[in-house]
Amino acid sequence: MDVQMAVFHCADSFLKQLMVTKLSQCQYALPLLVPDPFTQQIEFPLWTFREITKSWKIRNTNNEIISQTQPIYKAETSMVSFFSLINEKHNTFFHRNCPGSCRTRVLVDGVVEIAWFCPSGSYDDKFTDCVAFCNLHGDAGDHEKQLEILTEMASVNVVLLPQLDRNDKSAAIIQNMYRNSKPLICLFTENESAVTEIKKRKYKIGLKNRNQSVVSEELRRAINDCLSESSSTLRLEDVSKHSDIRVDEEDDDDCRRGREAAQQMMSLLEKKDLTEIKESVLPHQGKLWHQWSQKNKELHRPKADEIEMDISRKKTELKRIRQHQYESDIREFIKFFIKEMNSGAANKNIYFLKWLRILLDEYTSGDLSYLNHKYDEKWSTVLKLKENCNKIEQLKAEQTELERISEKLQAAAFGLEHIMREISQIYESCESVQKNKKDQEVHFSSLPSLAAEMMISGFPLELMDGDAAHVPVVWISAVLDELIQKLGDQRVFVLSVLGIQSSGKSTMLNAMFGLQFAVSAGRCTRGAFMQLVRVSDEMKTQMKIDYILVVDTEGLRALDLAGRSTRHHDIELATFVVGLGNLTLINIFGENPSEMQHILQIVVQAFMRMKKVRLNPSCVFVHQNVSDVTDEEKNMEGRRRLQQTLDEMTKLAAEEEVCDAECFSDVIRFDVQNDVKYFAQLWEGNPPMAPPNPDYCENIQDLKETIISCAAKPHGIMLIDLKDHIRDLCEALLKERCVFSSRTALEISAYRKLETEYSKWSWSLHSAMMETENKLHNKIENEAIYKFEETDLQRELKKTSEDVKNSMSEFFEKDADILVQWKKSFDVKMKEIQENIVRETKRKLNEILQQRDLKKKIDDQKTHHENTLYEKSKELALKLKDKTNDEETLKKEFDSFSEKSVDRILSDSPQIKDTDIMKDVREILKNIYRSSLVYNCSESYDIFTVSTYSQYVIFRNSTKTVKETCRFDQSRSLEDEAQIRSLVTDVAQQTDRMIQSFNISKMGYNISCIQQLTGYIKKRVTEHQKRQLKYVFKIDFFMDLVLSISKRANKMITDQHRLFKEANDPKIYVEKKREEYYSVFQKYCHGATSAAIFGEIICQKLKEPIEQSVYKKTARDLTDEIRSNCESLNGNGSNLEKHILKTLADEEDFKKYMNYIHNPRDHFKSFIRDEVSRYITDKFSVSVLPKMKENIKLLQQKIMKAAHESTEHVQVNRGDVGLWLKSFTQKLSDVLIFSEKDLSGVKHDDVDDFNLLEDVIRRELPTIISDISRRFNTETFPVNLDYKFRPDELLIDHFCHCCWVQCPFRKAICTNTIKKHHGDNSERGNGRHFPQAQYLCAVICTKLVASDQDFYVPDGRFPSREYRRAGGVYEDLSITSDLSELPYWKWFVCRFQKDLEKHYSKTFEGSFKISDEWRKYSKQNAIECLDQCI
């Protein structure tokens, strides 16, 4: 007891109140008068009693049982003062004989405790009414003030005393009591006599050598006799009126101010009818909020015949209701609350909230008690009438009356949660119109902060409105945002509970975590509430979370107050709670299988729906009120029965959910041995006087450890993700069938992050392999290697591969619960990516090896011509040796020699001609079809931009013949169009790869390239037609496909051929090299040494390889930089698409929109090229040029290092110039395409001064470097690069290697940015137009699949909601059923309505007319929504 008082003295007011409340729940006595341990001043801790409520039952004069529930500080009861008391069953008052006690008293001496006896209304109650008992610890003679107060307040005084001498100080006290009119009972420790009435209402009882139970019975009888004649009562609040005692509430300024504010607020409710109070004081949450909730459900549950106009009308109605809500005045009651919460300090606000809750409970308790009594009476009458079939009319009348009382009960319930609900609706109404109310003193955006502060302070917040059965998502999201602002984005473990009504769910949570959920019988939880429990710093390391978020819910299987069944609501609530919780406690009262069966199917069904979205919450079954929790055999049988019942319920739920689960373990990981808990009865005996069962407390602790163990695993969710998760679950609940077939926003967010990381991982591998490919390419061209294996490439990629694996492991560990579903597939995918990169690199390098041999003749001829020019110029220089001072003569002679040399070369080799790709294409097509049709067809007809392929097909009819049609039949078009578009897209993709493989920049162009392309296209079209199709292609399809592909490739082939011509056409090449040849010629003329001339020739030969190497290296570096810095290209494909759509909206070019819709891959490529070109232009001086200069500087250093090391190598090995040249070229073979063969025709046998050779290179190389650097500019950068090395092409290869499947409804691209991705082809509902047979249909396909409208395919008609049943392309399609705003495409349809109608030769009319609601969106709205949608 001293320890308890030590804690009490050290605690603040809130902890003291909590301690006393818990002591009261455990039926222990409470400190009433507490002397200060230092000053001995007596304190009355009235505040600590404020949250204690007692219930009891009494019998009236008609022998009817009357229930009473009162706050204990208000209850007027008789009071018996004891100066010592022993309870034989439960130690209500702590005494010297209690376990752990000792004879000495330190802090407890002088403390007065109080406890109450509350009758149960039975005939064997010890007392017939509620009686308070007070006990003074220590000798009453030493504590005069306490004695005075007790004797004054008491109805009966009971004194325990030994035999006293007349002169004893205590004798005087007893004499005073004896003379007092109040009843007195003296218990003598040294007396053996039975109860004796000395005089009226004065008794003595001996205790010595007597049976304790007999003494107790005599004492109770005596007290009852005394009380029956006493009219004095105790009201706990009146204790504060005594002088010379300190009252805790009065001494605490915050407590006093909080009480005054709460009382002032409650004064605003005076003279108001409780059943009408909410309607008058809280108008925002009444009829308007309920109407809005109902209309919102109707909006999310469209009927079969609803069109966009109907949906628009519902949205307008929702806005109208919100507008009415907004126009409703904020009552003074709520204004005062908001003002008070904003003006006070945190401590004062907590007092204010607690006082307000206390006063509201006091205000409503009387009426609620009366209404509950009336309801019970009426319900009993209804039950009796149901048994009598002859009184149907009377039954209906009584049921009507019952419903009326039920409505009054709902109206009379008024607590802190209703105030917060009103504030939530004030916030949501203001948020919907984005402005403050005219009479609102604080901005509406500050309201969520109040709720967040309340949650942090430990108050529960309503998550689901139990009256409207709706979650105020906007409000909850705003509150969670404020929590994040105040606490940071903390990781929380969500613990929720499900069970039948009044099964002890809230009591269990309160006992486990010390929470404040409502638990009294008159106030069962309605809806769902959430409360934060902070995890201590010591536990954080063990649990890996910052908070536990506890969610308490209303009971399942509860009849609502009007007696209506709520099974559908139960399913929704159970699904919501199970989906929200990381761990769900399934609370079952007792072991009765019939009790269990009613809720288990609901629970199993909820878990089954979680399985569909790959959410894997845990569950623990808690059997409460089990008679014998220690009977292992019985418990094993109970577990077996539970497992059997769960399996049976799983089969039933599987039929309703169309799932193939056979047993509960198919749905969720469940260990029947460890995940089933048996709880003892809460009370040890019968309430209201029964104390808590210690076994129940042990069971609670065991369950708590299980929860902590579960939370310690990689569970939990960040607050920011919880906000999205709640929104998703609410959206699902709004759709009547709780459709969970699509991903939640949390899952989508996680997958988007995964895609972004995947993009980085794959780019890391690509980037590393590009470096390797470049080195090996150089070595192949230099003939340094002749073959290589895949293992060589894998070895080069090993380090990057390990880094990627480590990065993947770290990423998947962050949100393991959500990401685990994709881990295996992405492990496989990254392995495939690596294998593909290695395989593709090997293919490219093998092509280079093969092409090296094929172009050897070209290279040898070019080298031969170049070296011949060097040798001939040397001979000419020797002839003109005596004219070295005549520069003009030397120049004239050299020019003449140069022109003759070129003419001689041209006569020996054919001139490289320019190309005319389209002419070759037409010629090939003409040869194939032997017809002039080719020349008549329109080249401007681009097959990639046509809106329909109907003009290219002839349909087969049922007799296997074909008939021509000018358009697709609506029942056929969607699937057939998708098949043909897929063919066109794939052929275009493959032909792009073929053109790259031709390596035209090195091999040159010839007509065989077009022949190969045409042959491949012909083969693909023929193979396509061999399938079981309902149509055949016309000749025009093949020709337009070839022409369209050729037109697209024309520029690339022409540019590559230009590079080839510039590098290999003698006339162009010699003209380009004229200055270099003349420089060598001059040195010959001036008699330079062989080493000096050879050094200059080497530098001249290095010029082109250096330039190419710098361009390629800069391109790779720049690609990495663009991937990091360019906003549109620094993420995944979805991010790229978002920027494409923004650009389209900015430009408002209808043709570009059509290109994007019908040929997205080409549009993506074009956009990437434009972005890269813009980036290079904008950043050339600050990024591109510095990179080029840095790369050329590094290359210069490598060349000089190679020259120096080669010189040392020759000198050490006494080698010749051949050894020097071999060493020099080998050292540069991985960075430059430069080898000994490039100098094979230049005589250098007489070079023997290697130091001079090195010095010449050191002197001449800077001039070469400077000359190359001068030509660096925005125009030469892309022109001097082969297509396959350009940054835009590298990025196109990276971004466009994804899924290009389009929705057959709307042509929307699959949202998965990964080729051969996990799961279905999904689209986010890029709602576009739907060309119906006669009209254009303005409907969003995400709304279409939420309805029961039909669509047609060749095999019949299907409801849009069940589109997958149509098979084919629909089977692998996943469209999120969604009714959210999609302003972008609504704006597009309205902005380009006339263009669309003209393009499709149809109109938006009749039931397909564009809704006026669509026209409200501006371009700015459209662009802003992209950041939210993508």
By side-chain hydrogen bond (donor to acceptor under 3.5 Å, both in side chains), Tyr696 pairs with (sequence neighbours left out) none
What I'd like to find out is whether the side chain of [X] reaches to under 4.5 Å of the side chain of [Y], using heavy atoms alone.
X: Gln531; Y: Leu549; result: no
X: Arg59; Y: Thr128; result: no
X: Ile205; Y: Leu219; result: yes

What residue among Glu362, Glu51, Arg235 forms side chain to side chain donor-acceptor pair (under 3.5 Å) with Tyr73? Glu362
State whether Glu250 and Arg256 are salt-bridged, where the test is any N-O pair (Lys NZ or Arg NE/NH1/NH2 against Asp/Glu carboxylate O) under 4.0 Å. no
N-O pairing of Glu453 and Lys486 below 4.0 Å: yes
Going by the angle between their ring planes, with limits at 30° and 60°, are Trp47 and Trp355 parallel, tilted or perpendicular?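 Geometry flag for Trp355 against Trp47: tilted rings.
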Which label fits Phe352 and Phe336: parallel for a plane angle under 30°, tilted from 30 to 60°, or perpendicular past 60°?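 Phe352 vs Phe336 ring planes: tilted.
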When you measure from the centre of the six-membered ring of Phe117, is the NZ or CZ of Lys126 under 6.0 Å away and within 45° of the axis? no
Under 3.5 Å, side chain of Ser24 to main-chain N/O of Val20, donor-acceptor pair present?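 Between the backbone of Val20 and the side chain of Ser24 there is no qualifying donor-acceptor contact (under 3.5 Å).
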Measure from the side-chain N and O atoms of Asn157 to the backbone N and O of Leu184, and report whether any donor-acceptor pair falls under 3.5 Å. no
Kindly determine whether Ser81 and Val156 satisfy side chain to side chain contact (heavy atoms under 4.5 Å, CB included), including the steps that lead there. CA-CA 6 Å; Ser81 281; Val156 179; over 6 Å; no
Are the aromatic rings of Phe133 and Phe127 close, with centres under 6.0 Å apart? yes
